[in-house]
Amino acid sequence: MLTAADKIEAARGFIEDGDDIRAESLLKSAADALGPTSDTETLLGMIAVKRHRLDAAQQHLTNAVRLEPANVQALQNLAHVLRAQGRRTPARELTRRILAIDPDHTPARVEHACDLALDGDRLAALRELQTIKTDDPVAHDAHLLAGSILGGDGDVAAGIGHFRMALAHDPGSPLALVKLADALAIAGDRGEALRIAEKAYLRDPANLLVIQVLAERQLGAGAVRECLETLQPVLEGNSLNLDLQRLHAEALIALGKTEEAVSRITAYVKGLPADRRGSAETISALAHLLNQAGRHGHGLAISRSVRQGETASALEKECLMLLGRFDEVWPKSGGETFPEPGDPFIITVPPETEPQTLIVTARYFTRFPKARFVAEKRFRDILEALGGHFVEDDAEAILAALADLEPEKRNGVGNAEPYTVPSIGLEDCPVCARAEPRHSPEAIPYLIADPEHVARFRAALPETDKKRIGVIWSPHAPSLSLEFFKTHVFSEMDAVPVSLMWGEARRQLKDWPDALDAGPYLKSIADILACVSALDAVIGVDSVPLHLAAATGVTTVALATDQAKWVWAHENGQSFWYPGATVIPCPVIFPDGKARNAAVGAIRGTLGL
């Protein structure tokens with residue numbers, strides 16, 4: 001007959017083999033004989049984690065630590081549970097306790113490095129990771145964190161390299177797979193990212209993080225219904241983490257079910273314990289979701305309920321911009337006063353900046369004669385087309401620009417540092433602050449293509465009395481796919497569609513032989529600018545050609561699948577940035593034919609078809 005101790009050891013083996021039912025039965029039998037022990041509570045907590053019962057897991061593991069304060073296994077698992085619940089501060093305290101007990105405990109050292117990175121001390125985090133031996137059994141954890149830190153600093157390629165090294169240590173690691181999937185998505189390889197996420201799910205279909213990443217990749221690829229199917233098995237758990245609830249709500253919004261999404265997430269947040277309901281993480285997720293649902297006023301009110309700090313400031317700034325209240329944005333961006341027209345200053349353009357963001361932002365700051373844009377070479381065409389003063393991101397070029405801005409303040413030959421002017425990061429700029437284009441008579445066009453270049457594109461188009469309309473569809477949103485434009489918007493062919501697609505998406509044109517293909521001729525910003533200027537109108541999803549068309553004054557219809565995208569912020573369909581553009585919100589998938597027909601009617605009416 002097995003003793004209670006034998007039953008506990010047997011239960012450990014069953015847990016390792018994945019037989020949680022037999023393990024739980026043995027543990028309860030042992031607890032009946034001995035009463036609750038640190039070992040039984042620890043193992044029951046681990047089983048509860050695997051079943052997504054985070055509240056029950058927290059209770060078991062807390063009991064285990066109370067019975068044995070130095071139980072490292074219980075402390076480590078309890079820290080994981082708290083992190084899954086979004087309670088990072090108490091989780092960090094548990095990590096510190098583990099290291100006080102065992103300074104060489106590698107998993108805790110990795111978690112400590114993660115905490116350092118979250119606190120912004122990335123160098124210290126990387127130094128901590130470098131001390132972990134490469135042949136350590138959890139070396140793959142160190143590579144995972146190093147990849148996350150480097151990727152967070154913009155070095156996505158290095159991050160991908162570390163994630164692949166983590167997989168070399170543990171080829172079946174679901175965590176390494178989902179980290180790699182996220183990095184590949186950031187690098188633009190959405191198809192491979194989805195494939196890797198699906199592989200992780202096959203490895204560990206019960207892992208909440210794996211479920212979350214797969215759902216994110218499915219949503220990003222436009223597979224909204226598949227995303228909902230992935231989330232459905234775990235949606236009913238009352239201790240489900242906020243990220244999965246947020247993803248579910250985003251998927252509903254993508255289907256046009258905004259009211260249901262807001263109702264569900266609000267009910268979930270109200271049901272949380274008070275400490276979690278009022279946390280910055282919860283408020284941030286709710287505010288972002290309300291913004292995505294178009295309820296920017298509610299998002300602003302909620303963002304202001306967060307205690308002051310970077311999270312609150314960023315949320316409030318986003319909401320104010322979406323509401324068009326630009327005068328209130330600048331103080332939130334780090335400056336006391338807005339620069340005067342004659343002030344010299346430099347704007348730094350981060351490498352990861354989207355061209356669309358740069359187009360909108362540069363619109364305002366090119367009006368400052370002493371503004372200089374420090375950017376990588378690939379942004380030269382955009383800035384020079386906008387009339388901006390481009391400075392290559394190079395030390396000597398920057399020094400020369402500074403000297404050019406304030407020549408009378410240059411030091412004499414041989415003196416030390418040159419005079420420096422204020423510098424503003426593009427991510428901190430209040431876009432179009434105090435210069436709303438609706439009130440600016442010179443606003444459109446504010447970007448003019450080279451006339452000879454435009455003439456060449458116009459001559460290349462076939463002679464016709466029909467309107468020639470540029471089209472940019474989405475490979476990821478079924479409602480705005482090539483099929484949508486072909487079958488519904490251009491069904492009567494009373495206009496000539498001109499594809500402005502490039503890359504892999506151009507291959508879909510074989511299914512639309514009536515459309516002209518301008519893709520091979522769009523080799524630079526100047527080409528795109530000239531091409532859209534030669535057309536009668538442009539319609540499509542958020543993209544560089546769409547922004548360029550709107551900036552030149554060409555009739556533009558922006559189909560916004562995510563209304564939180566501030567670059568198409570609008571009021572009743574009127575864009576804040578481009579007075580000549582019409583913004584029509586569209587779900588990723590139309591919920592029914594009535595909704596689709598309403599969108600088609602609005603599009604065709606705007607284009608005069």
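- Annotation: side chain of Leu255 is not in contact with side chain of Phe590 (no heavy-atom distance under 4.5 Å).
- Thr556 places a side-chain N or O within 3.5 Å of a backbone atom of Val554 that can act as its donor or acceptor partner.
- Residue Leu535 holds its CG atom at 5.0 Å from SG of Cys531, rounded to the nearest 0.5 Å.
- A salt bridge links Arg217 with Asp182: the closest approach of a Lys/Arg side-chain nitrogen to an acidic carboxylate oxygen falls below 4.0 angstrom.
- Distance CG/Asp527 to CG/Leu522: 6.5 Å, rounded to 0.5 Å.
- Pairing each heavy atom of Val349 with each of Ala375, the nearest pair is CB-CB, 3.7 Å.
- With rounding to the nearest 0.5 Å, the separation of OG1 in Thr487 from CG in Leu482 is 8.0 Å.
- Leu247 is listed as a side-chain neighbour of Glu250, based on a closest heavy-atom distance under 4.5 Å.
- With contacts defined as side-chain heavy-atom distances shorter than 4.5 Å, the pair Leu214/Glu198 qualifies.
- Taking both residues in full, the closest heavy atoms of Val374 and Glu392 are given as CG1-O, 4.4 Å, listed atom of the first, atom of the second, then distance.
- Remark: the Trp473 side chain and the Glu483 side chain contain no N/O donor-acceptor pair separated by less than 3.5 Å.
- How far CZ of Phe490 is from CZ of Arg604: 8.5 Å, rounded to the nearest 0.5 Å.
- Closest approach of Glu192 and Arg195 over heavy atoms only: OE2-NH2, 2.7 Å.
- Here the side chain of Ser263 pairs no donor or acceptor atom with the backbone of Ala261 at under 3.5 angstrom.
- Across all non-hydrogen atoms, the minimal contact from Pro545 to Leu500 is CB-CD1, 4.1 Å.
- Each of Asp536, Leu516, Val538 was checked for a side chain to side chain contact (heavy atoms under 4.5 Å, CB included) with Arg468, and the lone residue meeting it is Asp536.
- Contact record, Phe457 with Ala534: CB-CB, 4.1 Å, taken as the closest heavy-atom pair.
- At a threshold of 4.5 Å between non-hydrogen side-chain atoms, the residues Asp450 and Val454 do not count as touching.
- Considering only heavy atoms from C-beta on, Phe484 comes within 4.5 Å of Val600 through its side chain.
- Ring-centre distance between Phe485 and Trp512: not below the 6.0 Å cut-off.
- Summarising the geometry, atom CG belonging to Leu180 is positioned 6.5 Å from atom CD1 belonging to Ile160; distances are rounded to the nearest 0.5 Å.
- Applying side chain to side chain contact (heavy atoms under 4.5 Å, CB included) to Gln212 and the options Asp243, Thr230, Val178 leaves one that passes, Asp243.
- The main-chain N or O of Asp511 is found under 3.5 Å from a side-chain atom of Lys486 such that the two form a donor-acceptor pair.
- No side-chain heavy atom of Leu559 sits under 4.5 Å from any side-chain heavy atom of Asp542.
- For the pair Val498/Val471, no side-chain contact is recorded, criterion being any heavy-atom separation below 4.5 Å from C-beta on.
- By the 4.0 Å N-to-carboxylate-O rule, Asp494 lies too far from Lys466 to be salt-bridged with it.
- No side-chain N or O of Asn597 forms a donor-acceptor pair with one of His488 less than 3.5 Å apart.
- Scanning all heavy atoms of the two residues, the minimum distance from Ala495 to Leu609 falls at CB-CD2, 3.7 Å.
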Please test Leu607 against Val557 for side chain to side chain contact (heavy atoms under 4.5 Å, CB included), starting from the C-alpha separation and ending with a verdict. CA-CA 8 Å; Leu607 294 174; Val557 179; 3.7 Å; yes

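- No donor-acceptor pair closer than 3.5 Å links the side chain of Ser474 to the backbone N or O of Leu480.
- Side-chain contact check for Thr552 versus Ser533: some heavy-atom pair is nearer than 4.5 Å.
- How far CZ of Arg506 is from OG of Ser499: 7.5 Å, rounded to the nearest 0.5 Å.
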